[in-house]
Every structure is written in C-alpha cells, then in structure tokens.
Amino acid sequence: MANAGPPIKRATAQRAYDAFLDRVEKANASDDYVDRVVLVVLFGSFLDPDRDPVNDVDLAIAIDHKEIDAALREAKKEERRQMAEDAGRHFGDFIERLFWPSTELRLYLKSRSRVLSIADAQDGILKQAPSRVVYTADNGRV
C-alpha cells in the first residue's frame with residue numbers, strides 16, 4: 001500500500017509504531033472504549049528491519065467487543081454515541097452514528113499520525129503481502 005507522502009526515517013516510524021502499540025494497550029484497558037483490539041498485524045516496508053527509510057507503518061487490526069452481553073454492550077455503545085453528540089460531533093448519517101464506537105477507537109489508535117496506515121485484518125492485502133502478528137489480546141506484544 002503505497003503512501004503518497006515522502007519516505008520516513010526508520011527511527012521516526014519506530015516511534016510511531018511503539019506509540020501505536022501503547023495506545024492499543026491503553027484502549028484495551030480503558031472503560032472509555034466499547035471495543036478492543038484483539039489482533040495487530042504488521043506488513044509493508046516497515047516489516048523489513050534493514051529498510052531505511054520506509055514508506056509508512058502498515059498495520060492491520062481486528063476489533064471485537066469487550067462486553068459479551070448484547071444488551072449491555074448496546075447500552076454502552078449508545079452512551080458513547082450520545083457522549084460524542086453532546087461534545088458537538090455531528091454524524092453524517094445513521095450508519096456513521098451506528099459505527100461510532102469502533103470509529104472512535106480507530107481514530108484514537110491512529111492519533112492523526114501520517115506515519116501510520118491502519119487497515120482491517122480481514123482486508124485481502126494480508127493474503128498477498130508478507131506479514132507478522134505483533135499483538136494479540138491474549139498475549140500482548142508478540
């Protein structure tokens with residue numbers, strides 16, 4: 001997945017990658033997020049330890065619900081949607097509002113970093129590109 005931006009020094013990419021994994025752990029431990037990250041897969045130019053500079057840090061994530069009980073989970077999701085609206089967020093449509101809790105988590109993980117490129121772990125790119133699992137909810141950083 002090519003990035004339109006200029007190449008990034010490996011040290012800069014490493015800092016962004018480490019900060020991302022820190023945010024994954026914080027989000028999973030926090031009650032502020034309804035969902036949790038269960039898998040992080042690294043792929044792309046940053047995967048090669050000898051490459052410097054790199055294009056970006058390509059990561060694929062899998063997200064799952066923290067709450068098992070469906071009714072309680074939906075109540076928590078609605079609370080997060082309402083909190084966002086109370087804070088001034090305007091949703092473009094019903095779907096955007098519906099998926100806000102997952103979007104909120106993804107925005108936090110990305111943290112406006114131009115260095116990070118975050119895809120869904122179900123994306124077909126992982127079937128075509130070399131990759132490595134770097135985090136699981138069960139084992140933490142791998």
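Keep in mind it's a predicted model, so treat the numbers as computed, not measured.
- A cation-pi arrangement is present between Arg10 and Phe46 under the rule of less than 6.0 angstrom and at most 45 degrees off the ring axis.
- Evaluated for a side chain to side chain contact (heavy atoms under 4.5 Å, CB included) with Val37, the options Asp64, Leu21, Leu109, Thr136 yield exactly one hit, Leu109.
- By the 4.0 Å N-to-carboxylate-O rule, Glu78 lies close enough to Arg97 to be salt-bridged with it.
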### Task
Could you walk me through whether Arg23 and Lys110 pass the side-chain contact (heavy atoms from CB on, under 4.5 Å) test, one step at a time?
CA-CA 9 Å; Arg23 286 190 299 276; Lys110 175 104 166 127; over 6 Å; no
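- Summarising the geometry of Tyr135 relative to Asn28, their closest heavy-atom pair is OH-ND2, 2.9 Å, with the distance given to 0.1 Å.
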### Message
Quick one, Leu59 with Val41, criterion side-chain contact (heavy atoms from CB on, under 4.5 Å). Give me CA distance, side-chain angles, the key distance, then yes/no.
### Response
CA-CA 6 Å; Leu59 299 157; Val41 180; over 6 Å; no
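- The backbone N or O of Asn55 sits less than 3.5 Å from a side-chain atom of Ser45, completing a donor-acceptor pair.
- Within a 6.0 Å radius of CG in Asp31, no more than 12 heavy atoms belonging to other residues, nucleotides or ligands are found.
- Rounding to the nearest 0.5 Å places CG of Asp52 at 8.0 Å from NZ of Lys9.
- Closest non-hydrogen pair, Ile8 versus Ala13, comes out as CG2-N, 3.9 Å.
- With hydrogens and angles ignored, the 3.5 Å screen pairs a side-chain donor or acceptor of Ser113 with a backbone N or O of Val115.
- Put simply, the side chain of Leu47 reaches to within 4.5 Å of the side chain of Pro130, judged on heavy atoms.
- Remark: Asp123 CG to Gln128 CD distance equals 8.5 Å, nearest 0.5 Å.
- Look at Glu74 and Arg81 and you find a salt bridge, because one of the NZ, NE, NH1 or NH2 atoms lies within 4.0 Å of a carboxylate O, short of that distance.
- Taking the side-chain contact (heavy atoms from CB on, under 4.5 Å) definition, one finds that Lys76 meets it with Val34, Glu67, Leu72, sequence neighbours left out.
- Using a 4.0 Å cut-off between a side-chain N of Lys or Arg and a carboxylate O of Asp or Glu, Asp120 and Arg106 qualify as a salt bridge.
- Nearest approach of Asp18 to Arg141, heavy atoms of both residues: O-NH2, 3.8 Å.
- Following chains of ILVMFWY side-chain contacts shorter than 4.5 Å, one can reach Leu107 starting from Phe91, so the two form part of one hydrophobic cluster.
- Counting all heavy atoms, side chain and backbone alike, Tyr108 lies closest to Lys26 at OH-CB, 3.7 Å.
- We find the CG-OG distance between Asp58 and Ser117 to be 4.5 Å, quoted to the nearest 0.5 Å.
- Using a 4.5 Å cut-off on side-chain heavy atoms (C-beta onward), Gln82 and Glu85 make contact.
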### Query
Under the side-chain contact (heavy atoms from CB on, under 4.5 Å) criterion, do Leu39 and Val133 qualify, and how do the steps go?
CA-CA 7 Å; Leu39 177 72; Val133 173; 3.6 Å; yes
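- Neither Phe99 nor Leu105 shares a network with the other; the hydrophobic side chains, linked directly or stepwise wherever heavy atoms of I, L, V, M, F, W or Y lie under 4.5 Å apart, form separate groups for each.
- Ile95 CD1: more than 12 foreign heavy atoms inside a 6.0 Å radius.
- Nearest heavy atom pair, residue Ala84 against residue Trp100, reads CB-NE1, 3.4 Å.
- Smallest separation of non-hydrogen atoms from Asp35 and Lys66: O-CE, 3.2 Å.
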### Task
Check the pair Tyr17, Thr12 against side-chain contact (heavy atoms from CB on, under 4.5 Å), reporting the backbone distance first and the verdict last.
CA-CA 9 Å; Tyr17 170 74; Thr12 301; over 6 Å; no
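- Annotation: side chain of Leu42 is in contact with side chain of Val57 (closest heavy-atom distance under 4.5 Å).
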